[in-house]
There are 2 protein chains.
Amino acid sequence: MSAATVSRVLNGARTVDPAMVARVLTAVRELGYRPNAVARNLRRSRTTLWAVIISDIGNPFFTATVRGIEDVAQQAGYSVVLCNSDEDPAKEETYVAAALSEQMAGVIIASSGSAKAAKSLLDSPVPVVAIDRQLPRGEVDTVVVDNEAGARTATRHLLDAGYRRIACVTGPEGVSTADLRLRGYTAALSAQQPPGEPLIARTDFREQGGYDAMASLLSSPERPDAVFVANNLMTVGALRCLADHEVRVPGEMGVVGFDEIPWADLVRPSLTTVAQPTYELGRMAARLLVDRIATPAGRPATVVLPAELRARQSSAR
Amino acid sequence: MSAATVSRVLNGARTVDPAMVARVLTAVRELGYRPNAVARNLRRSRTTLWAVIISDIGNPFFTATVRGIEDVAQQAGYSVVLCNSDEDPAKEETYVAAALSEQMAGVIIASSGSAKAAKSLLDSPVPVVAIDRQLPRGEVDTVVVDNEAGARTATRHLLDAGYRRIACVTGPEGVSTADLRLRGYTAALSAQQPPGEPLIARTDFREQGGYDAMASLLSSPERPDAVFVANNLMTVGALRCLADHEVRVPGEMGVVGFDEIPWADLVRPSLTTVAQPTYELGRMAARLLVDRIATPAGRPATVVLPAELRARQSSAR
DNA sequence: CAGCTGCGTGCAATCGATTTCTGGCCGAAA
DNA sequence: TTTCGGCCAGAAATCGATTGCACGCAGCTG
């Protein structure tokens, strides 16, 4: 029989004789035949793969988000391939280029800030959803949490607890989460009477960065009595630094971290965090992508999810 | 000019006139031309993608391993796409099928135990490396740690610390890491004079499983005074259970967990673990895969890396 | 019984890049 | 001047599956 018939059987065309269908299926089973997806993709000029490009695979925030994406993707018939840019714009560009060359059906990206990668995506026809962070100059579907409000709440919480000299450790300039969380922090300070004076340390979004930033805050002339750390990995670094310097938390230093940490309630003192609805964020992003694939045109949506303060011991003076 | 010429330029053939090369390159830049990798892969019948199939993306062990894989892959000119089976054999089978259909250049897999997925891989010509866990009935390159020795050391460490009634929480039967770690535990017990009596709880390799297993151990008539937990996520669950039941660690219950945890030294009491060389494990697996792609035939290698006890407070009576 | 409809199958074009083959042109050697 | 290589560019085949089109056959209608 012809390849055409086999193809029709395997793709569920109903114009095939049932006897023929049976013959094809047994032959497929016996031969262990597996259609070549590369050829299929070429002919159909579409694929069933999504590229999910995240900036740190070691960050529980992203892994939880990916779970949400995966669950929706599976249901919609897509497979998710995960790409870890490790906050490295060059790696991000490599992965974006691969995703475009491979004609992926869609891309979900937490940008590490590469304008070049963003431009490639925007210039291409591939549907894109940005998560966690705004895509540089990108008019695309976006799912983020309300970073500014979350940071404001966290900072106000420290003020309410009686801390007076509150520092902020945040991420790289130009990364939207870093900038917005900083803005929320400063907003909370200046809402005070009298306005609090900001004390800011910028670093990368990684553990070592948090450690170093905390160390420099500790040795600064205006040593703070509390710190708001704008991401979970930096918070771990800060905590480690405080432990190394034998600074008592929360007695000598109140701590609130952005992003929930799976073991926040297991450490002593337990850690106050600003929790994000990670799984829901992933689901939402995946749903937007499904919609965008169905309807390529149309105004991009931006979904803002709430962040929620989880007050624990590290911020209780 | 013809497509053939463009192809030659882009693939670095040296039989092209320099003037022509320049024309092609400027045209490529101006048009934003990007070769269709799907078509290229079809024609060449090979790709530059590796599928890395892991069983839990939320487990720091795997994410650290992936980092090692990625670094070697990038250097060798491959891109890594990560697939998360979430310990679900059905998902694993889906991803294996996708990897084979997509003609991936190689597969690195931490099996969740699906015999079907293993068979598909073994029947196919695609180069495979198993990590962390043996592939069911699979004669393939494998990188593991010395699970039995690690478990034996951990158990002996508890015995040496003076604990007398030591339980083991391990993973599903048939998953090699679960079985070997259990074997190391029983070996250490029976090496005692008089031999210790094993007390075993089997569950899945997840946090909730660890919690439940610990809870049942606590209420057992032969309540243990120490526990060896065979994986990091289950250890977290066990710790949470102990905290909920207000069991003092290490006073009332000594704890050692297999797998390092990034914050093992931040919790109080800090956690004794059996650390694995995760990054190195990933690098090794990737190197084996590169070799296997170059030399498809030949006897599969098995690399066993050492695990190392990190004694901290949770096991100090 | 001619003609029409519809079903099931095969033929052949197609996707876009790579690669082998072919041929034109030029220079060098006889 | 002729012939032979060598070099370079284009023509065409190729990868494997999908899909529009055509054809043959059966059943039905007028």
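Just so it is clear, the structure is predicted and the values come from calculations on it, not from any experiment. Chain letters run A, B, ... following the sequence lines, proteins first and then strands; every chain starts at 1.
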Subject >> No-H, no-angle donor-acceptor pair, B:Arg8 side chain to D:dG10 base, under 3.5 Å >> reply: yes
**OP:** Check whether any side-chain N or O of A:Ser7 sits under 3.5 Å from a backbone N or O of A:Ala3 as a donor-acceptor pair, and report yes or no.
**Re:** no
Original post:
Do any N or O atoms from the side chain of A:Thr302 and from the backbone of A:Thr142 form a donor-acceptor pair under 3.5 angstrom?
Top reply: no
Subject >> Any residue of residues 33-46 of chain A with a heavy atom less than 4.0 Å from an atom of DNA chain C >> reply: A:Leu42, A:Arg43
Subject >> Whole-Å distance separating the CE atom of A:Met20 from the P atom of C:dC7 >> reply: 17 Å
**OP:** Measure the distance from CG on B:Asp17 to P on D:dC7 and round it to the nearest whole Å.
**Re:** 13 Å
**OP:** Would you mind checking if B:Arg287 and B:Glu280 are paired as a salt bridge, meaning a charged N to carboxylate O distance below 4.0 Å?
**Re:** yes
Original post:
Charged N to carboxylate O under 4.0 angstrom, A:Asp179 versus A:Arg133?
Top reply: no
**OP:** For A:Ser7 and for B:Ser2, find the nucleotide of DNA chain D with the closest heavy atom, then tell me which residue's nucleotide is more 5'.
**Re:** B:Ser2
Original post:
A:Arg14 has an atom CZ; how far is it from atom P of C:dG8, in whole Å?
Top reply: 10 Å
**OP:** Check the pair A:Thr47 / A:Gln103 against side-chain hydrogen bond (donor to acceptor under 3.5 Å, both in side chains), numbers first and verdict last.
**Re:** CA-CA 7 Å; A:Thr47 67; A:Gln103 318 286 118; over 6 Å; no
Show me, pair by pair, the donor-acceptor contacts under 3.5 angstrom made by side chains of residues 74-81 of chain A, not counting sequence neighbours?
none

**OP:** Find the distance B:Asn11:CG to C:dA17:C1' and express it as a whole number of Å.
**Re:** 9 Å
Original post:
Does a salt bridge link A:Arg206 with A:Asp86, judged by any charged N lying under 4.0 Å from a carboxylate O?
Top reply: yes
Original post:
Side-chain N or O of A:Thr5 less than 4.0 angstrom from OP1 or OP2 on C:dG8?
Top reply: no
**OP:** Examine distances only and state if a side-chain atom of B:Arg292 and a backbone atom of B:Ala297 form a donor-acceptor pair shorter than 3.5 Å.
**Re:** yes
**OP:** For A:Val6, answer base if it contacts any base atom (sugar-phosphate contacts may also be present), sugar-phosphate if it contacts only those atoms, and nothing otherwise; contact means non-hydrogen atoms under 4.0 Å.
**Re:** nothing
Original post:
Are the charged groups of B:Glu102 and A:Arg34 less than 4.0 angstrom apart, N to O?
Top reply: no
Subject >> A:Ala3 or B:Thr15, whichever maps to the more 5' nucleotide of DNA chain D >> reply: B:Thr15
**OP:** Please give the angle, rounded to 10 degrees, between the axes at the start and the end of the helix from C:dC1-D:dG30 to C:dA30-D:dT1, where five pairs define each axis.
**Re:** 70°
Subject >> Rounded distance (Å) that lies between atom P of C:dA17 and atom CD of A:Glu102 >> reply: 13 Å
